[in-house]
Amino acid sequence: VVLAIISAVTSAFSVVLVRKYSKQSSTFNISLAVSWVGMLVLWPLALVLTDFSLANIGSLLLFALSGILTPGFVRLLYYQGMKKLGAPVNSSLFAVYPLYTSLLAVLFLSEYLAPSNWIGILMVFSGGILVEWSSREAGNLNIHLRKDLIYPVLGGAALGAGSILRKSALIQFDAPVLGVAVAYTSSLLPFLILIASSTSTRKELSLKRDMRLFWAAGVGQAITWMLS
């Protein structure tokens, strides 16, 4: 429980830091910078803390696949949603991902959820709806931006699916730090595809500037994922 709480705190800290400088960069550049910083933090720790004699290809492939989903696509969706909707609405709607995760865990991992678990999940889900609704009433979310709600909704679904893949991988190979490092590495695949296929993306790329702005958020996110 303590690990989960600290993970949530470091995640919130990172979100605030990204939001602070988000207008100075694009969603793509922010996501890529945060991922690069995370890799620099995670791989040295993974090499020191992992017993590689227990490694197997199946678990590493699952870690890699989970990384393509999250933080790969999820990070792009999250930061795009934050730029469009603002941090409170985006974070609240993203927070419904435990609902997806829990349903998938019951279906694919045969996990049991107590009534108190379901009550907590429904409270989080209801809270996200209330934040979105109150923002709409206050005029912070006009009709032209309602279509942008798709970013946190899709991101939450991808995050839930990624969680199931990571749990499956950890059952086979109990190496959380290495798992996150592998996931971070594979998460670069969507970025590399976009860089290779888009001239405008390559022209706007400025890792030196963005790593200077978002390095602290990158460290915070790396810590978040390890604790999670």
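Computed from heavy atoms alone, side chains included, the values below leave out hydrogens, waters and symmetry copies.
A donor atom on one side chain and an acceptor atom on the other are found under 3.5 Å apart for T10 and T224.
Side-chain atoms of P176 and M226, non-hydrogen and from C-beta on, never get closer than 4.5 Å to each other. By the 4.5 Å heavy-atom criterion applied to side chains, R166 and W225 are counted as neighbours. Between P71 and Q221, every side-chain heavy-atom pair lies at or beyond the 4.5 Å cut-off. Within the 4.5 Å cutoff, the side chain of D148 has heavy atoms near those of the Y151 side chain. The side-chain heavy atoms of I30 and Y21, taken from C-beta on, include no pair separated by under 4.5 Å. The shortest side-chain heavy-atom distance between L227 and I223 falls under the 4.5 Å cut-off. Residues L32 and D210 have side chains not in contact (no heavy-atom distance under 4.5 Å, counting atoms from C-beta outward). Using a 4.5 Å cut-off on side-chain heavy atoms (C-beta onward), L62 and Q172 make contact.
The heavy-atom pair separating V18 from A217 by the smallest distance is CG2-CB, 3.6 Å. Between F63 and S186, the shortest heavy-atom distance links the atoms O-OG, 4.2 Å. For the pair T50 and A175, the tightest heavy-atom approach, listed with the atom from each and the gap, is CG2-CB, 4.1 Å. Of all the heavy atoms in E204 and R209, the pair that sits closest is O-NH2, 4.3 Å. When all heavy atoms are compared, the tightest approach of S187 to G67 is CB-O, 3.2 Å. The shortest heavy-atom contact between T27 and L76 is CG2-O, 3.3 Å.
Around CG of L192, the count of heavy atoms belonging to other residues, nucleotides or ligands within 6.0 Å exceeds 12. The environment of F73 atom CZ is sparse: at most 12 non-hydrogen atoms of other residues, nucleotides or ligands sit within 6.0 angstrom.
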Open item on the list: Quick one, F214 with N29, criterion side-chain contact (heavy atoms from CB on, under 4.5 Å). Give me CA distance, side-chain angles, the key distance, then yes/no.
Closed with: CA-CA 10 Å; F214 302 109; N29 289 357; over 6 Å; no
Throw together a table of side-chain donor-acceptor distances under 3.5 angstrom for residues 35-47, partners on residues two or more places apart or in other chains.
from	atom 1	to	atom 2	distance (Å)
S35	OG	S31	O	3.0
S35	OG	R75	NH1	3.0
W43	NE1	T185	OG1	2.9

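Residues V177 and V2 share a single hydrophobic cluster, defined by chaining ILVMFWY side chains whose heavy atoms lie under 4.5 Å apart.
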